[in-house]
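What follows is a set of notes on a single structure, which appears directly below.
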Amino acid sequence: MKRIGLKNMGIGLIMWLIYGSLYAQHDIETRIDKLLSEMSLRQKIGQMNQLNACKPDEKLYQQIRNGEVGSILNAEDPVLLNELQKIAVEESAAGIPLLFARDVIHGFKTIFPIPLGQAASFNPGLVEEGARIAAIETAENGIRWTFAPMMDISRDPRWGRIAESFGEDTYLTEVMGIAMVKGLQGNDLSDPSSVAACAKHFIGYGAVEGGRDYNVSYIPERQLRSVYLPPFEKALKEAGCATVMTSFNANDGIPPSASKFLLTDILREEWGFDGVVVSDWASVSMMVQHGFCENKKDAAQKAVNAGLDMEMVSECYINHMEQLIAEGKVKEETIDRAVRNILRLKMRLGLFEQPYTPLDKKKKAYSESHLQAAKKVAEESFVLLKNQDDLLPLGKNIKKIAVIGPLADAPHDQLGTWVFDGEKEMTRTPLCALKEHYGNQVDIIYEAGLSFSRDTDTGNFSKAVKAAKEADVTLLFIGEESILSGEAHSLASLNLVGAQSELLEKLTETGTPLVTILMAGRPLTIEKEINLSHAVLYAWHPGTMGGPAIVDVLSGNSFPQGKLPVTFPRVTGQIPIYYNHEKIGRPAKKTEMLLNDIPPEAKQSSLGNTSYYLDAGFDPLYPFGYGLSYTTFEYSNLKITRNKLSPSDTLEVNITLKNTGKREGCETVQLYISDLYASVSPVVKQLKAFRKVWLNPGESRQVTFEIPVRDFGLWDINMQYTVEPGAFEVMIGGNSQQGETARFNVN
Ligand code: NOJ
């Protein structure tokens, strides 16, 4: 009886939830109908206008009062936000609350590692937790919309915005994007701690030519659908991401802010998206510079007719839309559709019920649990690139440590790009953390050598060298200042800036073991520096708690477990270089001649007749998925349960992973699939699953993956997503280039 009762209660609850949410949705649409019927055309267009309130002035106040603003970005003081909200709600005729937005890219106050670093953790659970914390700290200030996650597939580290991305891989970006959206939006958008997420930049912004920001891209439809669109589709469908931002780049001559194909055919019709599409900063008026629109009025017309709901700051809509409607160039129903999307979001956020931010609540920013979560993400994001003679973790016998380099104590720079609200006063640097960790037991001698990463003044080198000579080990903190990556910070060379490389060389001459810790927003070309160092830890820009996280890993309190979310080139000339490229007709055999193998006055020849660089060889510096541990792992015994499958089946495959070293460790087991032959050239392999496995020394575990065969499809010759019959290969290993393989067939 009891069990039946419980079961009934369970069913009742599910029915209540389904009907409840359908009713709530129906209720929202009815409320929107009513609102729309009462709003003037000007008020409707006002909802589609987002303005910047960095320095709010009387003009802005008046625009809000007139109902000419739907959303505000870049204001963060809750007192000001309440003041602006009061005008919107109490003084404007329609009384529709404003939606406040801000770029919270990797934390609000408590800063987490840059998203590229978060991706290196291969731990979506942690990324979700970090985003939840970011949302709590954001929402308690009255901001309910953020422009994250950035899901641009980024295969060019010259592009400064690679720092904000999850790297080069579509699957990893999908997983991390979903995690971040879930964390930001929480269980229900109407929860006051939820922040609407924004999948950006739609689309192909990471593929700008030469990595030059704001440039053009040329992504054909098949590649768009296979590589660039899936993370967006997943974020919308699987995580309910509330908004999408269009990108700056014109793709194949068409700016996404005016692409009906992207904004209506794909987003609305194929994917059924009912959230808000916002432009990027002035990307509507920018279409005039693109030469795609004659003037701002033309830009407004093209954007709205393509399906762009809200315009960020360039005011083409508010200034020209009424006339466009009067001239019949835009239909009022097009406006109604856009405004409906915006009002729906405001209602889902509960803004009509709770437009104001309580000012008397104790703030949670920088609370201990937030700081510890930021430390955990940082720890898991670090990638150990080299560890000669097991120099790391640092031995207990060490009595003197030389701490050198411009980033050892750089509280601002370790936070990384896109930090508006996190304060450097709250940052814990490696230097402080080392002193705290070792107390009186170890002598810490600090000599920066250079005062910032671009510094070329070698005047203090001798002090740094003296410190290194006296020490048992040298810890050198180098890389990039935070301002060198992020928006509008593309680089043509990825070598270490300033005199950092010279500093490193001088330190190696001392003979003291050298551990190099790199903090950067992107992969750097550091082959020489890696060769000269005994151990190298890539720490990205690790955020507020970067210092203690680094010290815990170096000292062995925890261990490195990050894997590269992007291929590291040897030289910039190898870019683009990424693991999941299409198959080519003449792949390198890797036995071909290199530059210095060619004899003088050699006769014209095509050498190996394969695809590679004579001067840079065949391989990157490190492949996607690479990362060492303090222990070693062995993969063996890969087994496929059934190797004849249909497209509706599930591939079940398992492998044995053994910790063959002397320390505990965590390995990210990666599974890649190759379609060996298809109606269009397939890619060589693609990551399809991964699992983090923690093992004690000597311990083995069988790791099982179950993946629907449907996931192994491609956009075929007829531009249909299809799993084509034929042979496939599965590879499981610790990076994209090494692993155990087996074949299976799909019929
Ligand atoms: C421009 C950037 O491209 C975008 O990512 C950001 O969200 C907006 N500015 C707003 O700051």
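We count ligands from 1, going down the list as the structure has it; atoms in each ligand are counted the same way. Residue numbers run from 1 in the order of the sequence given. Predicted, not measured: the structure shown is a model, and the values here were computed from it.
When each of Met150, Glu487, Lys200 is paired with Asp103, the side-chain contact (heavy atoms from CB on, under 4.5 Å) condition holds for Lys200 and for no other.
Close approach of ligand 1 to Phe147 (heavy-atom distance below 4.0 Å) involves ligand atoms 7 (O). Taking a cut-off of under 4.0 Å to the non-hydrogen atoms of His201, the atoms of ligand 1 that pass are 3 (O), 4 (C), 5 (O). Listed by number with element, the atoms of ligand 1 under 4.0 Å from a non-hydrogen atom of Asp280 are 1 (C), 2 (C), 3 (O), 4 (C), 6 (C), 8 (C), 9 (N). Of all the atoms in ligand 1, the ones that sit under 4.0 Å from a non-hydrogen atom of Arg161 are 2 (C), 3 (O), 4 (C), 5 (O). Near Lys200, meaning under 4.0 Å from any of its heavy atoms, are these atoms of ligand 1: 4 (C), 5 (O), 6 (C), 7 (O). Every atom of ligand 1 with a heavy atom of Phe248 under 4.0 Å away is listed here by number and element: 1 (C), 3 (O).
Interatomic distance, Leu351 CG to Arg348 CZ, rounded to the nearest 0.5 Å: 13.0 Å.
Of all protein heavy atoms, the one lying nearest to atom 7 (O) of ligand 1 is Asp103 OD1, 2.6 Å.
When all heavy atoms are compared, the tightest approach of Asp191 to Arg144 is O-NH2, 3.1 Å.
Under a cut-off of 6.0 angstrom, the local environment of NZ in Lys237 is crowded, with over 12 non-hydrogen atoms contributed by other residues, nucleotides or ligands. Atom CD of Glu221 has more than 12 heavy atoms from other residues, nucleotides or ligands within 6.0 Å.
At a threshold of 4.0 Å, the pair Asp309-Arg344 does not count as salt-bridged, since none of the basic side-chain nitrogens sits closer than that to a carboxylate oxygen.
A donor-acceptor contact shorter than 3.5 Å is absent between the side chain of Ser285 and the backbone of Lys296.
Between Glu168 and Thr567, the side chains place a donor N or O and an acceptor N or O closer than 3.5 Å (distance only, hydrogens not considered).
Ligand 1 has no atom lying under 4.0 Å from any heavy atom of Glu164.
Between Tyr205 and ligand 1, no N or O atom pair is found at a separation short of 3.5 Å. Ligand 1 has no N or O atom lying under 3.5 Å from any N or O atom of Trp281, backbone or side chain.
Here Met150 has no heavy atoms under 4.0 Å from ligand 1, in either its backbone or its side chain. Of the heavy atoms in Arg102, none comes closer than 4.0 Å to ligand 1.
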